[in-house]
Amino acid sequence: MTQGEAPPRSTRSRPTMREVAALAGVAIKTVSRVVNGVPTVDPAIVARVREAADKLGYRPNLTASSLRRGDGRTATIGMLVEDAANPFSAVLTRTVENVARERGVLVLVGSLDEDPARERELAQALVDRRVDGLVIVPAGRDQSYLMSEQRSGTRMVFVDREAGLLDADAVVSENRQGAVTAVNHLLKAGHRRIAYLGDQASIPTAAQRFDGYRHALEVAHIAFDEEIVRHVGSSEEAAIAATEQVLSLPDPPTALFTSQNFVTIGAVRALRAMGLQETVAQVGFDDFPLADILSPGISVIAQDVERVGRTAAEMLFRRLDGDESPTRTVTVPTRLIERGSGEIPAEGPSHD
């Protein structure tokens, strides 16, 4: 084989550093120095090695390279979200990815489906791959299983919900106050019978929003009525069924507070199927695509998901850069977006 001629190799195996060295006519150590960006290598040799690598389709083994780095970093972080298909999770992931990309860091993402066992499994899988840090939307209430990893230097930030039984940074939204704002907005339109449709009550964010709902009713001196409360999970189908149930009661609600985006979408579908979208008011928690072009548009309590994601990512990278300050929880405000559905007045005279 002459210099410049690609060596024969199996179509199944990946090209190796040894093959690049043979094609470029240099030592393996020289290829390693080029791959790792050592600045003292002669530019002509660098060009020759890169040309050989391109011909062979060679890609460096970043995992192996990270083991040789002095700081032990892999330039990867892990991110675990509720459901990558959920609009909230999608925006959150993309925002963290954007911050990480600026630092040349890759983000590995997994969905938890609100399953604590899956959370532990995927978190351990990411740790086994030596990610430098973790951003987690926790599914369970006990994250103490990560304590040994935390002591070993793995940095972690929790998003949307604080960690349980683990001292760690967190970035959360103003869930309780956001719910209070939603209910107060419906009260202002004259509604006194306001149904609650939300996610499982065991989920911390859902519990906080339900607490805000109850608090707003209590302050307005309106009796709490379990008959118009449904904890339906995050299924559109379950939300459709729950909406139909409460609106078919002998004394149906005149307004709905739907405290999760898929629940909101399910309620929207049910209202339209029943022809009640113009008469039953609705405020949802979390914005979702096309909410502004429906008729009426869907009024929502919007989380600043980009700010949440950016804050979490920046917090994680500060920790990776050596920040040893006490852990903290950052709360990001929510805001009411009025689009029409939340402004439908209650039928009959106002009780204000």
Side-chain angles (χ1 to χ4, degrees), residues 88 160-161 172-234 239 242-243 245-247 249 251-268 270-271 276-288 291-292 294 296-304 331-352:
F88 174 88
D160 198 39
R161 311 158 192 178
V172 300
S173 289
E174 207 173 42
N175 289 294
R176 186 177 185 273
Q177 184 55 48
V180 170
T181 300
V183 176
N184 283 343
H185 189 65
L186 293 168
L187 291 169
K188 185 179 178 181
H191 298 279
R192 293 297 177 270
R193 191 155 174 78
I194 303 169
Y196 173 91
L197 281 71
D199 212 330
Q200 302 169 36
S202 59
I203 297 172
T205 50
Q208 292 162 12
R209 294 168 193 176
F210 183 52
D211 183 54
Y213 162 81
R214 295 196 64 168
H215 176 75
L217 293 180
E218 182 181 353
V219 170
H221 304 291
I222 295 174
F224 172 72
D225 185 355
E226 288 187 0
E227 190 176 35
I228 54 174
V229 169
R230 298 289 188 279
H231 302 284
V232 300
S234 58
T243 304
Q245 289 169 10
V246 297
L247 292 177
L249 292 169
D251 184 14
T254 62
L256 309 175
F257 170 47
T258 49
S259 79
Q260 197 263 5
N261 53 9
F262 283 158
V263 173
T264 298
I265 294 169
V268 167
L271 287 173
L276 297 175
Q277 71 270 23
E278 300 285 350
T279 55
V280 175
Q282 178 183 11
V283 176
F285 202 113
D286 281 340
D287 208 355
F288 61 94
D292 58 331
L294 295 171
I298 308 303
S299 299
V300 297
I301 299 296
Q303 300 189 69
D304 191 342
T331 301
V332 176
T334 56
R335 66 189 179 98
L336 172 67
I337 301 178
E338 300 179 20
R339 294 192 178 119
S341 70
E343 294 69 57
I344 297 172
E347 293 184 356
S350 170
H351 295 272
D352 288 337

Any non-hydrogen side-chain atom of Leu197 less than 4.5 Å from a side-chain atom of Thr243? yes
Pairwise distance CD(Gln200) to CZ(Phe210) - rounded to 0.5 angstrom: 14.5 Å
Closest non-hydrogen atoms of Asp160 and Asn175, given as atom of the first, atom of the second and distance, are O-ND2, 4.3 Å
Looking at side-chain heavy atoms only, is the closest gap between Arg230 and Val246 below 4.5 Å? yes
Are Asp287 and Arg339 within salt-bridge range, i.e. N to O under 4.0 Å? yes
Side-chain polar contacts of residues 253-262 - donor-acceptor pairs under 3.5 angstrom, sequence neighbours left out - could you list them?
residue, atom, partner, partner atom, Å
Thr254, OG1, His191, ND1, 2.7
Thr258, OG1, Thr264, OG1, 2.8
Thr258, OG1, Gln282, NE2, 3.2
Ser259, OG, Tyr196, OH, 2.9
Gln260, OE1, Phe262, N, 2.8
Gln260, OE1, Val263, N, 3.1
Asn261, OD1, Asn86, ND2, 3.2
Asn261, ND2, Asn86, OD1, 3.0

What closest approach, in Å, do Ala189 and Gly342 show between heavy atoms, and which atom pair accounts for it? CB-O, 4.4 Å
Please check if the side chain of Arg192 supplies one atom and the backbone of Leu187 the other of a donor-acceptor pair under 3.5 Å. yes
Test side-chain contact (heavy atoms from CB on, under 4.5 Å) on Leu217 and Val183; report intermediate values, then the result. CA-CA 8 Å; Leu217 293 180; Val183 176; 4.1 Å; yes
Kindly compute the distance separating CD (Gln245) from CD1 (Ile228), expressed to the nearest 0.5 Å. 13.5 Å
Apply the test side-chain contact (heavy atoms from CB on, under 4.5 Å) to residues Arg161 and Ile203: give CA-CA distance (whole Å), side-chain angles for both, the deciding distance (0.1 Å), then the verdict. CA-CA 9 Å; Arg161 311 158 192 178; Ile203 297 172; 3.5 Å; yes
Taking atom types as modelled, is there a side-chain donor on Ser173 or Gln303 under 3.5 Å from an acceptor on the other? yes
Looking at Arg193 and Glu227, is there a salt bridge between them, counting it only when a charged N and a carboxylate O are closer than 4.0 Å? yes
Contact summary for Thr334 and Gly178, nearest pair of heavy atoms: OG1-CA, 3.5 Å
Side-chain contact test, heavy atoms from C-beta onward, threshold under 4.5 Å: evaluate it for Glu174 versus Val332 and give yes or no. no
With a 4.5 Å limit on heavy-atom distance, are the side chains of Ile337 and Ile298 in contact? no
Write out all pairs satisfying salt bridge (charged side-chain N to carboxylate O under 4.0 Å, His left out) with one or both partners inside residues 176-187, taking only residues at least two apart or from two chains. Arg176-Asp211
When you look at Gln277 and Ser341, which way does the side-chain hydrogen bond (donor to acceptor under 3.5 Å, both in side chains) test go after all the steps? CA-CA 8 Å; Gln277 71 270 23; Ser341 70; over 6 Å; no
What closest approach, in Å, do Ser299 and Gly340 show between heavy atoms, and which atom pair accounts for it? OG-N, 3.3 Å
Just wondering, do Ile344 and Val280 contact through their side chains at under 4.5 Å, heavy atoms? no
Over all heavy atoms of both residues, which pair between Ala346 and Gly190 is shortest? Give the atoms and the distance, please. CB-O, 3.3 Å
For a 4.5 angstrom cut-off between non-hydrogen side-chain atoms, does Val180 reach Tyr213? no
Heavy-atom distance under 4.5 Å between the side chains of Leu247 and Leu271, does that happen here? yes
Are the side chains of Thr181 and Ile301 in contact, using a 4.5 Å heavy-atom criterion? yes
What heavy-atom pair brings Ala201 and Ala207 nearest, and what distance separates the two atoms? O-CB, 3.6 Å
